[in-house]
Structures are given as structure tokens and as C-alpha cells.
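Values below: every heavy atom of this structure, side chains too, minus hydrogens, waters and symmetry copies.
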2 protein chains.
Amino acid sequence: MNVHSTEISSTQTDPGSKRELIIQATIRLISEYGFHGTPISMIAQEAGVGAGTIYRYFKDKDTLVLEIFKQVHCVFKKTLLHEYDANQTIRDRFLHLCRGIFQYGVQNPYEFKFIEQFYNSPYGTSLRREKFFCNCGDTGQDLPLEQVFAAGQAQQVIKDLPLAALIALTIGPIVFLVKDSIAGLIQLDQTTINSTLAACWEAIQQETDTNRQPGSTPSSPSTEEKP
Amino acid sequence: MNVHSTEISSTQTDPGSKRELIIQATIRLISEYGFHGTPISMIAQEAGVGAGTIYRYFKDKDTLVLEIFKQVHCVFKKTLLHEYDANQTIRDRFLHLCRGIFQYGVQNPYEFKFIEQFYNSPYGTSLRREKFFCNCGDTGQDLPLEQVFAAGQAQQVIKDLPLAALIALTIGPIVFLVKDSIAGLIQLDQTTINSTLAACWEAIQQETDTNRQPGSTPSSPSTEEKP
DNA sequence: TTCTGTGGAGTGAACGTTCATTCCGCCTGT
DNA sequence: ACAGGCGGAATGAACGTTCACTCCACAGAA
């Protein structure tokens, strides 16, 4: 009976349905203008439906956006785990996940920016602070990338940096580049993606001390900072 | 006579003045809630002034935010260039600028997030697309970090990646980490900053098969600046 | 000194607009 | 004929902006 379903019905992705039109319009607009920058009237016009129709499918604007985020975020995570093999080497798992983010961003620019908008909103940061996990079927465990980092540190393949730093060193460049790509500032071909990911790996990988020259110690560069 | 000055009068930073109260409140609120998320009434309340007072100093809401951005962005760039020596090695110049961004972000969290909000807004991206330069006294030339990258590539010290990728590999992690720091998700001490910057450098540095000698060509870098 | 006129900073209620949300008549499929 | 999905006008709240007014510091007259 409840039309405003909180659950994400799995096969409700019938394209052309009013609900899907509303969702797609919302993603497109909010990814560009943000939550407060896109009125319901704008969504209705972009979707080609009446404003009232939106409230037939979603309780209010907040619910609309929250439900879309859950759905998009879930699909995003599923995409990353597609053909993911936990038995591969640390490096290969790392590259698989990172390449997946790149791919997803290039192929789903609106969804990508939508997720980013949400994460940077007050709601998103509060969720991040509570360690939010999308409960869309999986076990709600840690993100696979964090598992890779932990395993890599245990094997001394990945540097002993704080987890947040490792995430920043990999997700940061990817998000930056994908956003530039979406904005039309750069053409993201496979070569650029691969060389950038190789650079990311070099940033986080633990160097073996066999070919390490004693000339410079990059862990403490020119320290005249205040204690 | 014109109170709505477009110019940024240099010594109008009298703290306690109504204008400065409005600016600080705007930065604080917009950095958290975004442009459309912070009404004028909220700014007025936070600043402890009447709503009408804001329009005594700024033509409208757009002008208010744009003027603040110009001012904040200008101070930010000046901070980066403080004690900057263009004769240092590529690596030292790189570290100086990146450390400056870190420092600025940690010490000015509201301003940092304000700049980020602005850059990610439709206005900001359109400005970025037109290669926006802050005309606050300097010559309007390229960002120094881009110069460092170009010089580093000419010396084969920095990888031959697209400029956007190099920027993403350095600014991306920094912005990510500073935002985590502001959100209270990580404690950004000097050690973490240094090791993260070392990792960034490893990501972008060109590996040479011969051991890199410190005295190869770093002492006179002014000759291979842009032609 | 005291009083009074003046000008500009400051205010917040008022205004028209736009927002999110509701409601009701239409229209289509059965 | 009828039920229900649907559109868009209706609605009240909230928004950006304005403006008539208060307040205060100060100059000049008495």
C-alpha cells in the first residue's frame, strides 16, 4: 500500500516510468546545481511530469534525494565489486578497484557528481562521521579498498600511513581527474587513466630498501617547521 | 560615494567592523551549508547585524559571495607565495607550495571549504573553464604549481603526465585530507603531512635509471622556465 | 556649556517572488 | 461508468531585497 517505499525494490528500474524519469532528472540537476539549487519545479520540468506527481512516489524532497543516493551508491559499489577477485595480489586488487571508480565516473558522470555532492553536504559528512554503510544487500562490512590497504600494510607492500591518508592519496586524484573530465577540461583516455593509477600506486607502495639510495630521506623533507 | 565598492580595499580588514562581521559570518555559513543553503537572514543573525545592513556593504547576495571569494582567494595565493623562492629545486618548490596548502587549510578551515564550495559551484567551474585568475595585484600569470610542473617536466624530474593529472595527484590528496581534518576524522600532525607530501612527490617524480644526483641541474633552474 | 539641526550607519517590518507541498478536476484504461 | 494516475493551479512558508525609520556623533548657534 505504501507508495513511498523506503526499500529499494531491485527491479524497479523500468526506464520510461515516471518514477525513473524523476530519479534521472533529479540526479542530473542536483549533480550540477546541488540540493538547494534545484527546486522541485525544475525537477518536474526536466522529468516532464507535473510537480504533484513527484509526491506520488516520494514523501518529500529529502526522502527523494536520500533514496536516490542509497540506490546510486549501491549500484556504484556493486560495479566496483564486479569481477573482483579477493585472491589477486594487493596491487591488482588496488588497480581493479581504482580503475572501477574511474570507469564508473566516466560512464556515469551525473551519478558520480551526485554522490560527490551528497558526500560533501552536511548530511553526507555526518553520515561519513558515523561510518555509514549502504545496506543494499551486502554485509555492511568495510569498503574493499580499506581491506586492501590493511592487507597491504600487513604484507609490508603498502606504506604505513594513516588509512585516511592512503584513501586521500588514491581517491583524491581519481575524483579530481574525473571531475575535470566531466567539466570537459581533460580527455580521459585509457592511457592517462593507467599512468595516473600507476602513479597512485607508487605513492602508496612500500619501497623495498634494495634500490633505495641514502641520498634523501623523503619522510622528513626540509623540516624547519614548528614542533 | 559608492559604498558597494568592487575594489578590495587593502586595509578594510578592520575586525569588529560590520563589514568584516558580515564577511566572516558568510564564510563560516557558506563553507558549511553552501550558497543556496544559507539565507541572508541566517548570515545577518550569525553576524549580529540587521538584514538590511548587509545591503549597505554589498549590492546583492551574489556580489557578497563573489567579493569574498576574490578576497579569500587572493589571501590564499599570497600565503602560498610567502617565502617562496623560485630558485629552489623543483622538489623543494613543490613541497613549499603543497605544504602551504596544507597549512592554510588547517589554519583557515572555513576559508578553505569556502574556496572549495565556490570552485565546485556552477560559477566556479565556468570560471575554471575560462582559466580564471585572481586579479588582486599580481600579474595574473599561471599558478606557481603549474610552473613547477612545467619546469620539472623540462628537467625530466617530473613525469610526463598531462598537467591536469599532475595537479590531481597533488591537490587531490591534499584537499581530501584537509577536508577529513576539518570534519574531525583525522588529526593532521606535521608527521602525517610530511609523509603524505613525500608520497605525493613519489607519485609525480620521474624515476631515473641512474641514481639521481642532487647536483645535476637543480641549482640554476631559471634557464629552463617557460620560453 | 547647552541646545538643535544634519547626515549617515543601522535596523527590521514589509514587499513581491519563489519555494515545497497539497489538492482537485481531468483524462485514460478498463 | 468508474477508479486512479496525473498535471498544474492553489497555498502558506521562506526567501532576497527594499525602505521608512531610529539612533548617534558631531558641528554650529546661542
Over-ring placement of A:K61 relative to A:F35, 6.0 Å and 45° cut-offs: yes
Closest listed nucleotide, where the reference is the side chain of [X] and the choices are [options]:
X: B:I40; options: D:dG8, D:dG16, D:dC6; result: D:dG16
X: B:Y55; options: D:dC6, C:dT22, D:dG16; result: D:dG16
X: B:K18; options: C:dT21, C:dT11, C:dG12; result: C:dT11
X: B:S41; options: D:dC15, D:dT17, C:dC19; result: D:dC15

Grab the [atom1]-[atom2] distance between [X] and [N] for me, whole Å please.
X: B:Q45; N: D:dA14; atom1: CD; atom2: C1'; result: 14 Å
X: A:I22; N: D:dG7; atom1: CD1; atom2: C1'; result: 12 Å
X: B:I54; N: C:dG12; atom1: CD1; atom2: C1'; result: 12 Å
X: B:F35; N: D:dC15; atom1: CZ; atom2: P; result: 13 Å
X: A:H36; N: D:dA14; atom1: NE2; atom2: P; result: 14 Å
X: A:I43; N: C:dC19; atom1: CD1; atom2: P; result: 11 Å
X: A:D60; N: C:dC19; atom1: CG; atom2: P; result: 17 Å

Under 4.0 angstrom between B:Y57 side-chain N/O and C:dG10 OP1 or OP2: yes
N or O in side chain of A:K61 less than 4.0 angstrom from C:dC19 OP1/OP2: no
Any N/O donor-acceptor pair, A:R56 side-chain to D:dG5 base, under 3.5 Å: no
Aromatic ring pairing A:H73/A:Y119, orientation class (parallel under 30°, perpendicular over 60°, tilted between): perpendicular
Interatomic spacing from CZ in A:F149 to CZ in A:F94 - rounded to 0.5 Å: 5.5 Å
5′-ward residue of the pair A:T53/B:V49 relative to DNA chain C: B:V49
ring-ring contact (aromatic ring centres under 6.0 Å, His included), paired with B:F76, selected from B:Y104, B:F112, B:F69: B:Y104
Qualifying residue for side chain to side chain contact (heavy atoms under 4.5 Å, CB included) with B:L188, from B:I193, B:T196, B:I182: B:I193
